[in-house]
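Heads up, the thing below is written out as structure tokens.
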Amino acid sequence: MDVKINQFLESLSLSEKSIFAYRNALEQFVKIVGQDAVLSSETYMDFLISLQDKSPSTQRVYTTAVLKFYRYHKAGNWTELQDATRRYRRRSGKRIVKFNLEAVEKVISYCESLSGDSLDSLGKRLEALRDRAFVLTLADTGLRISEACSLKRGDIDWHEQRATLDPNNHESLIRFSNRSIRALQEYLDARKSIESNSRMSPRSQPLFARHDIRASKKIRPITPGGMWKAIKDRMTEAGVDRQKVRIHDFRHYFVTVTYLALRDLKLSQEFARHKTISTTNRYTHFADEVDDAYDQIFNKKNNKPPHRE
């Protein structure tokens, strides 16, 4: 079994982190079914049954790895394997969204104040302008950090203040606010001083670039990990605990703000690009009228709890 696992893992074009997760899943598979087990549908079902106490996310990772392992070795009946997965794997329940709204707003407010005017280094000034533009883009568009990092300058329609994403051949229209467009334009204007060193045409350049020493004076794209580290550093500068804001919280902020402004669930779903309205519905608990309605029903003035001595 170990030989088959190594053959499978060596065939994958994934990150080291993903390979590690797959290897761990397959080691658990072997631990349950044994080194000499036949890769049959029955063996796979025995493995699924052993995962019943695992969390839905762990079950998802383990079953994905093992199913791909089966497919690579052309083992088992694919229809039976998929049916078994649907029957035995737990689904994650829809949970209400929880995030620290005050902390996110503090980070946004701080980043909006960044200008870089007091910084002598060109790289540091460009980083300040980039970080301001990036955070305002996340807050006002609902883009995921990976989506924002993948944008090219040519993706933006500056006149209409929008961009079109095409993930998995499903086009989505992204609208930009006035303040995010102004921040982007100021950042790109300041970047002109190093663009002459780039062989890329302006339209094909990344919208957000690296400006560290290793990047030198060239236009190089910044990764989501690099951008998240930059935002975490801004949190520290803003006096916000780095543990209070997570990478997805700017998107949570965007959906929450759009819903609270209009109380239109369908429109918020469109803005957020959620596939189902049940996902958007997880944000409605932020609305005060739900608490107000509860108070009207259960906490009327003439329905005070009895006084106790």
Side-chain angles (χ1 to χ4, degrees), residues 99 101-119 125-167 171-193 195 202-203 205-209 211 219 221-222 224 227-228 230-231 234-235 237-238 240 245 247-274 280 283 286:
F99 71 102
L101 179 61
E102 183 180 355
V104 173
E105 288 182 330
K106 189 173 182 180
V107 174
I108 294 171
S109 178
Y110 173 77
C111 289
E112 190 173 10
S113 71
L114 294 172
S115 66
D117 291 341
S118 61
L119 301 172
R125 181 167 184 269
L126 288 174
E127 284 180 343
L129 294 174
R130 178 202 63 198
D131 295 351
R132 178 181 69 174
F134 193 89
V135 167
L136 293 181
T137 295
L138 290 185
D140 294 359
T141 64
L143 283 169
R144 299 170 179 86
I145 192 168
S146 58
E147 293 171 335
C149 287
S150 69
L151 287 173
K152 301 286 192 295
R153 290 183 63 171
D155 293 333
I156 310 296
D157 183 331
W158 298 97
H159 179 70
E160 297 293 336
Q161 297 188 187
R162 58 185 59 182
T164 302
L165 288 184
D166 189 17
E171 285 194 349
S172 299
L173 191 64
I174 308 299
R175 296 164 179 83
F176 288 75
S177 64
N178 291 337
R179 69 171 180 172
S180 62
I181 287 291
R182 284 195 300 268
L184 283 168
Q185 289 175 333
E186 187 171 345
Y187 163 54
L188 294 175
D189 285 344
R191 214 170 79 179
K192 287 179 180 178
S193 59
E195 285 179 357
R203 288 185 58 83
Q205 291 176 4
L207 186 61
F208 299 102
H211 300 296
I219 305 296
I222 188 165
M227 199 62 240
W228 182 232
I231 296 174
R234 298 301 179 189
M235 289 182 207
E237 294 173 12
V240 174
V245 179
I247 195 168
H248 214 56
D249 286 349
F250 292 97
R251 179 165 166 79
H252 292 330
Y253 169 84
F254 170 79
V255 182
T256 301
V257 167
T258 57
Y259 176 72
L260 292 180
L262 301 172
R263 300 296 201 274
D264 188 325
L265 202 59
K266 189 66 179 175
L267 196 57
S268 294
Q269 179 193 2
E270 179 70 20
F271 284 147
R273 296 171 288 130
H274 288 152
T280 317
Y283 294 83
F286 286 100

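Atoms considered below: every heavy atom in the structure, side chains included; atoms not considered: hydrogens, waters and symmetry mates.
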Worksheet item: Among pairs that include at least one residue of residues 153-163, which meet salt bridge (charged side-chain N to carboxylate O under 4.0 Å, His left out), considering only residues two or more places apart or in two chains?
Response: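 Every pair satisfying salt bridge (charged side-chain N to carboxylate O under 4.0 Å, His left out) with a residue in residues 153-163: Arg153-Glu195.
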Discussion item. Show me the pairs that pass salt bridge (charged side-chain N to carboxylate O under 4.0 Å, His left out) and involve residues 172-188, at least two apart or across chains.
Written reply: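 Output for this query lists Glu112-Arg179, Arg132-Glu186, Asp140-Arg179.
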Going from [atom1] on [X] to [atom2] on [Y], what distance comes out if it is rounded to the nearest 0.5 angstrom?
X	Y	atom1	atom2	value
Ile174	Thr164	CD1	OG1	8.5 Å
Leu151	Ser146	CG	OG	10.0 Å
Leu262	Leu267	CG	CG	6.0 Å
Leu136	Asn178	CG	CG	12.0 Å
Gln185	Trp158	CD	CH2	5.5 Å
Thr258	Arg263	OG1	CZ	11.0 Å

Contact check, side chains of [X] and [Y], non-hydrogen atoms, under 4.5 Å:
X	Y	value
Leu114	Val135	no
Pro206	Ile219	yes
Tyr110	Val240	no
Thr137	Leu207	no
Phe250	Val245	yes
Phe134	Tyr187	no
His248	Arg144	yes
Trp228	Ile222	no

Do you know which two heavy atoms are closest between [X] and [Y], and how far apart they sit?
X	Y	value
Arg203	Lys152	O-CB, 3.7 Å
Ser115	Leu129	O-CD2, 3.2 Å
Lys106	Ala238	CE-O, 3.2 Å
Val255	Ala272	CG2-CB, 3.6 Å

Worksheet entry | Glu147 with Arg273: basic N within carboxylate O range, under 4.0 Å |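 Between Arg273 and Glu147 there is a salt bridge, with a charged N closer than 4.0 Å to a carboxylate O.
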Fill in: Aromatic ring proximity, centroids under 6.0 angstrom, Tyr283 and Tyr259
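Ring centres of Tyr283 and Tyr259 not closer than 6.0 Å.
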Discussion item. Would you say that more than 12 heavy atoms from the other residues, nucleotides or ligands in this model lie under 6.0 Å from the CD of Gln161, or not?
Written reply: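 Count over threshold, so yes.
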Worksheet item: In terms of ring plane angle, is the pair Phe254 and Phe271 parallel, tilted or perpendicular, where the classes change at 30° and 60°?
Response: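 Perpendicular.
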Practice prompt. Please test Ile231 against Leu138 for side chain to side chain contact (heavy atoms under 4.5 Å, CB included), starting from the C-alpha separation and ending with a verdict.
Written response: CA-CA 11 Å; Ile231 296 174; Leu138 290 185; 4.1 Å; yes
Practice prompt. Check for a donor-acceptor pair, side chain of Arg130 on one end and backbone N or O of Ala209 on the other, with a separation under 3.5 Å.
Written response: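 Side chain of Arg130 to backbone of Ala209, a donor-acceptor pair under 3.5 Å: yes, one is there.
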Discussion item. Would the distance check show the side chain of Ser109 and the main-chain N or O of Glu105 forming a donor-acceptor pair, the cut-off being under 3.5 Å?
Written reply: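 Checking the backbone N and O of Glu105 against the side chain of Ser109, no donor-acceptor pair under 3.5 Å is found.
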Discussion item. Working note: Asp131 + Phe208, criterion side chain to side chain contact (heavy atoms under 4.5 Å, CB included); need CA distance, chi angles, decisive distance, verdict.
Written reply: CA-CA 9 Å; Asp131 295 351; Phe208 299 102; over 6 Å; no
